[in-house]
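Read the structure below first, then the notes.
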There are 2 protein chains.
Amino acid sequence: MPEKDISAARKASPLSREEVDAQMALIRRGIAEMVSEDELRGKIARGRPLRVKVGFDPTAPDLHLGHTVVLQKMRHFQQLGHEIIFLIGDFTGTIGDPSGRSDTRPHLTREQVLANAESYKEQVFKILDPEKTVVDFNSRWMNRMNAADVIRLASRYTVARLMGRDDFARRFQNNIPISVHEFLYPLAQGYDSVALKADVEMGGTDQTFNLLVGRHLQTQYGQEPQCVITLPLLEGLDGLKKMSKSLGNYIGIDEPPAQIFGKTMSVSDSLMWRYYELLSDRDMHEIESLRREVEHGRINPKEVKESLAFELAARYHGREAAEEARREFNSVFSRGGMPEDTPVLVCRRGEASAPVAFLSASGLAASRGEARRLVAQNALSVNEELCSDPLSPLPAGEYDIKLGKKRFLKLRVSD
Amino acid sequence: MPEKDISAARKASPLSREEVDAQMALIRRGIAEMVSEDELRGKIARGRPLRVKVGFDPTAPDLHLGHTVVLQKMRHFQQLGHEIIFLIGDFTGTIGDPSGRSDTRPHLTREQVLANAESYKEQVFKILDPEKTVVDFNSRWMNRMNAADVIRLASRYTVARLMGRDDFARRFQNNIPISVHEFLYPLAQGYDSVALKADVEMGGTDQTFNLLVGRHLQTQYGQEPQCVITLPLLEGLDGLKKMSKSLGNYIGIDEPPAQIFGKTMSVSDSLMWRYYELLSDRDMHEIESLRREVEHGRINPKEVKESLAFELAARYHGREAAEEARREFNSVFSRGGMPEDTPVLVCRRGEASAPVAFLSASGLAASRGEARRLVAQNALSVNEELCSDPLSPLPAGEYDIKLGKKRFLKLRVSD
């Protein structure tokens, strides 16, 4: 360890076991895995602020709640007095994918990287404290590396270890080409931890391998290895698949407050608790007691869900806009004739807003075929009017949907 | 192709089929393999001088005849008017082996590299024409490469192809670690061909894989691929194993003329023809006719061997010294009582010069055990005197050895 760190450690006052326990409780909340708990306790116990590194892609950010799981955890570390390094991996981004195989790694100019960094800040500072966040770029050290430095770096890791990464092993076995530079990217990412002397690195569970590379390389370069914390991939609105833009099951943090509110209201009760754990700022004890209240029927789950929807809308748009979103939601969905626990579906205008689509997507009909048959039998009413065309999309708006006498749906069609 | 080359090609006058045939005949002499014959014919036919690259290790050179096989082939290209690039791989040499696993890749300073280059020149210009030889260093371009350049280079080759290299495949399968930087060395060597726009690269058969990497990378960088010529690994004095310092079966080009002469005289007749093909400057037709003369008993093989020994001694020490070596050899080995075709064994003073060792090494005795028994039975005479101690080494000198009545050996013990 360099002298500077030792002296800092001397100046810091060690924490008591209870203080460490308190920090660990918040840090453990909602995480997938930690390597290792004992090491992290040791680092925390020294009492000096930890350097917590999280890497982000330099391509244009357009964050949804899935991305905010790690941001929430970064916020926890900030609340505990630690130093957060928001690291933009611009070095590889400005190279692009030299093999030209991947469209997901476009070549970015310096200007684009800086513009994207600004866009990141605008979005993430709704969660993170700007005062306690260092935004850094790995080009700062990677651009200074020459070929000999890369060879020295590469000498610190073995081919066999890299072949242990699931995707590499699978591709190698299936004769799907792996370019040699793909072996260098995890090493470059790991070297970032060396350059930053990171104490902790976090990422999604899909990043586990790369985070562990950093740990190994730090040891090779004579540093104390970073602790690795992985966070679960957030389930999308469907509660099944990972939240993603391409699957359409997401809540974007730049979406209008009414959308954030409405989409949150559309999740199942069990997913609601998951979102509470991973996204809410509320204390876990508080969340647990809410859950017990709901289980004992002393509180309506819709009310608890509204509270989460409000918190999320307020985080990204302020309390006033969130109040407005709640009022609007309730006025629309309190029209008569619909039971209290009517499910809510939010969809985009277009194919998804045609009766065959929303009836099958919501589960009111078992399939598109059944939806079509029931509409043909005049079983569908929209805002209490008969609807006999199964294929025409509904325009943007809010709708009370009834199918036969017993099946209800609140539908919001967005633009 | 860059404009410069095209214009050069335009200025050059194409060669006739016969002229190409003549060049190919000399180039093919003694080689192991060529990729590909048609491509090389095409390059030669354009009539402009080819750029022929051969890479050399930057560590202290101490060449033996095994190394001169490729030098002879470089000389052939020079005789045909082509441009020889004697490339010293100093870039990796100055890095050393960063993993610290290999003693064979010491870290060299700039000064050592330059001193070694001078030592190389002193030795190789006994074979190559200094006027037609470009000595270059790959640090010239490799030192200018940055990390991004290395990643771009690495993107041009796949892991699967590298795993096709015998030693990598074997180590991977046997769980012997391969450091990632070992994957970068063949790419760096291949990139040298790109930087030099090489038309031909040559090396030992153990270099085949690396030479083909250069071919592939040139295509990737939009160049015409180099032709690859591999040369056989020269058998040592034993006629069995590859000539090498550590096996002791070598003729060093810096050895005294008498040693070069004597060691050459000690090789078997069949190995003599191999050395003629790979090392002599004599025309192959001439060599073939000599071989026929010997086969028909019209010329004594000892005479032909002397002529080769003289050529090699003269190449490295001048004709006068070679004459002296021949005279000395003949005066020693013309002592009476030994048949004309007595085999010759050259060994170092020490263990190898003890009767059990040289009797078994020469094949006079079938084993060390038999040698020991025969000496105990007083069957051994050295310079016509009985020798009854099987284990005492003979001092440096020349000896007539008789074992029983019918087995003869001329032994030279060197210091």
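Below, chain A is the first sequence line, B the second, and so on; all start at residue 1. FYI, side chains are in, hydrogens and waters are out, and symmetry mates aren't considered; it's all heavy atoms of this structure.
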*Within 45 degrees of the axis of the six-membered ring of B:Phe209 and under 6.0 Å from its centre: does B:Arg161 put its NZ or CZ there?*
no
*With chain A, which of B:Val150, B:Val159, B:Asn146, B:Asn175 has the greatest number of heavy-atom pairs at distances under 4.5 Å?*
B:Val159
*If you count heavy-atom pairs under 4.5 Å between each of B:Leu184, B:Leu153, B:Leu187 and chain A, which one has the most?*
B:Leu184
_Region of B:Leu162 in contact with chain A, defined by heavy-atom distances below 4.5 Å_ = side chain
_Flag for B:Thr219-B:Gln223: side-chain donor and acceptor within less than 3.5 Å_ = no
_Contact origin within A:Tyr157 toward chain B - heavy atom pairs under 4.5 Å_ = both
*asked:* Would B:Arg171 and B:Phe168 count as a cation-pi pair here, with the cationic atom under 6.0 angstrom from the ring centre and within 45° of the axis?
replied: no
*Return yes if a side-chain donor-acceptor contact under 3.5 Å exists between B:Asp38 and B:Ser36, otherwise no.*
no
